[in-house]
Amino acid sequence: MPLQLAFVTSAKRHTDLPDSPGEVAFVGRSNVGKSSLINALANRRQLAKVSNTPGRTQLLNMFALPNGATLVDLPGYGYAAVPGRERAGWQPMIEGYLLEREPLSLVFVLVDGEIGPTKLDLQMLAWLHGNSVPYQIVATKLDKVKPSKLAGRRQQLARACLLDEGDVLWVSASKGTGIDRLQAHVNTLLTT
Ligand code: GDP
């Protein structure tokens, strides 16, 4: 079932976000497929476009379900085109959110399934792990991996992230693969 997400607001700091009865967040490097995935989860083509408009890519973008529970789209890391000031502000903004946001129950960390975890992804995972922030890895762009390579790629990606194969959710926003499982997962987190 598609998540009935509606855009709520964008904020520079987590302290400027409205309160929420329960929240999950999505993070990943720019171009990993985060907007496409959020759109696929909501079955809305343009929902996360708002997060991708200039000026908003560097903000925390919040969406809500009808029950008030929320999903936060965090700015993509490694964004090449940001001015120095914004780049310097990224870390405290994201770290502050991830460490201090009370309703946050789980962070979905997106990793490009075609290319595997980048150095920045691994830094992010180590940081989350070190700070005991619960996370779930989602491998994107499943359709870009050749079927003959998939078993090996699944194993490789999970190992690189120091996980078992079964710990990584594989999705394709383009083809819709794995989307229902992820929708159900988010729904469970946000409705119980
Ligand atoms: P974001 O920067 O993380 O929000 O990434 P986008 O959602 O804008 O996607 C970046 C690029 O990857 C775009 O060209 C998308 O069309 C492409 N993309 C995203 N998801 C998929 C997918 O599941 N399969 C394929 N083949 N391409 C994808």
Side-chain angles (χ1 to χ4, degrees), residues 2-3 23-43 45 47-48 51-52 57-58 60-61 71-82 87 90-91 93-95 97-99 104-190:
L3 301 175
E23 189 162 281
V24 296
F26 282 71
V27 71
R29 63 160 183 80
S30 331
N31 228 33
V32 73
K34 188 157 53 66
S35 311
S36 305
L37 182 59
I38 293 172
N39 288 338
L41 290 172
N43 197 21
R45 273 208 203 175
L47 184 69
S51 320
N52 257 349
T57 51
Q58 300 303 301
L60 307 164
N61 291 297
L71 182 158
V72 169
D73 180 10
L74 299 175
Y77 42 82
Y79 197 71
V82 292
R87 193 178 329 189
W90 188 89
Q91 222 173 336
M93 174 208 233
I94 303 297
E95 290 188 5
Y97 170 84
L98 292 169
L99 293 175
L104 180 65
S105 61
L106 188 69
V107 183
F108 291 94
V109 182
L110 275 50
V111 170
D112 192 313
E114 189 190 17
I115 65 172
T118 64
K119 207 172 144 193
L120 281 176
D121 293 329
L122 294 175
Q123 271 174 24
M124 175 55 113
L125 294 173
W127 185 88
L128 290 168
H129 190 76
N131 286 285
S132 306
V133 180
Y135 60 87
Q136 163 72 54
I137 295 183
V138 178
T140 61
K141 308 187 187 179
L142 168 61
D143 59 286
K144 284 192 158 188
V145 182
K146 285 204 186 106
S148 60
K149 298 256 158 90
L150 188 56
R153 178 56 54 85
R154 276 188 201 269
Q155 203 175 50
Q156 244 172 21
L157 188 143
R159 271 196 198 149
C161 299
L162 307 176
L163 292 170
D164 291 330
E165 262 179 78
D167 295 333
V168 178
L169 280 171
W170 281 77
V171 297
S172 164
S174 309
K175 303 278 183 215
T177 325
I179 298 301
D180 45 358
R181 267 183 72 197
L182 189 53
Q183 283 165 339
H185 193 10
V186 172
N187 238 328
T188 306
L189 288 163
L190 294 184

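The structure displayed is predicted, hence computed values, not measured ones. By convention here, the first residue in the shown sequence is residue 1.
Leu122 approaches Cys161 most closely through the heavy-atom pair CD2-CA, 4.5 Å. The shortest non-hydrogen separation linking Ala40 to Ile179 is O-CG2, 3.7 Å. Of all heavy-atom pairs spanning Met124 and Leu98, the tightest one is CE-CD1, 4.2 Å. Here the shortest heavy-atom pairing between Tyr97 and Ala25 reads OH-CB, 3.5 Å. Across all their heavy atoms, Gly116 and Val111 have their closest contact at C-CG1, 3.7 Å. For Gly76 against Lys34, the heavy-atom pair with the smallest separation is N-NZ, 4.2 Å.
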Would you sort out whether Tyr77 and Ile94 count as a side chain to side chain contact (heavy atoms under 4.5 Å, CB included), showing the intermediate values?
CA-CA 10 Å; Tyr77 42 82; Ile94 303 297; over 6 Å; no
Is there a side chain to side chain contact (heavy atoms under 4.5 Å, CB included) between Leu162 and Leu125 once you walk through the steps?
CA-CA 10 Å; Leu162 307 176; Leu125 294 173; over 6 Å; no
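With salt bridges taken as basic N to acidic carboxylate O contacts below 4.0 Å, one links Arg29 and Asp112.
A 4.5 Å side-chain heavy-atom check between Leu142 and Val171 finds every atom pair outside the cut-off. With a 4.5 Å cut-off on side-chain heavy atoms, Pro75 and Leu60 count as touching. The closest side-chain heavy-atom distance from Tyr135 to Val27 is not below 4.5 Å. Looking at heavy atoms from C-beta onward, Ile137 lies out of side-chain contact with Asp167 at the 4.5 angstrom threshold.
If you check the side chains of Ser36 and Asn39, you find no donor sitting under 3.5 Å from an acceptor.
To the nearest 0.5 angstrom, Asp121 atom CG is 9.5 Å from Gln123 atom CD. Distance check, rounded to the nearest 0.5 Å: CG of Leu74 to CG of Leu110 gives 10.5 Å. To the nearest 0.5 Å, atoms CG (Leu189) and CG (Leu71) are separated by 10.5 Å. Rounded to the nearest 0.5 angstrom, Leu99 CG and Asn131 CG are separated by 5.0 Å. Note that the CG atom of Leu47 and the CZ atom of Arg45 stand 13.5 Å from one another [nearest 0.5 Å]. The line from CZ of Arg154 to CG of Asp164 is 14.0 Å long, rounded to the nearest 0.5 Å.
No donor-acceptor pair closer than 3.5 Å links the side chain of Ser172 to the backbone N or O of Thr177. With hydrogens and angles ignored, the 3.5 Å screen pairs no side-chain donor or acceptor of Gln136 with any backbone N or O of Phe108.
For the salt bridge (Lys or Arg N to Asp or Glu O under 4.0 Å) test with Glu114, the passing option among Lys149, Lys146, Arg153, Lys144 is Lys144; the others fail.
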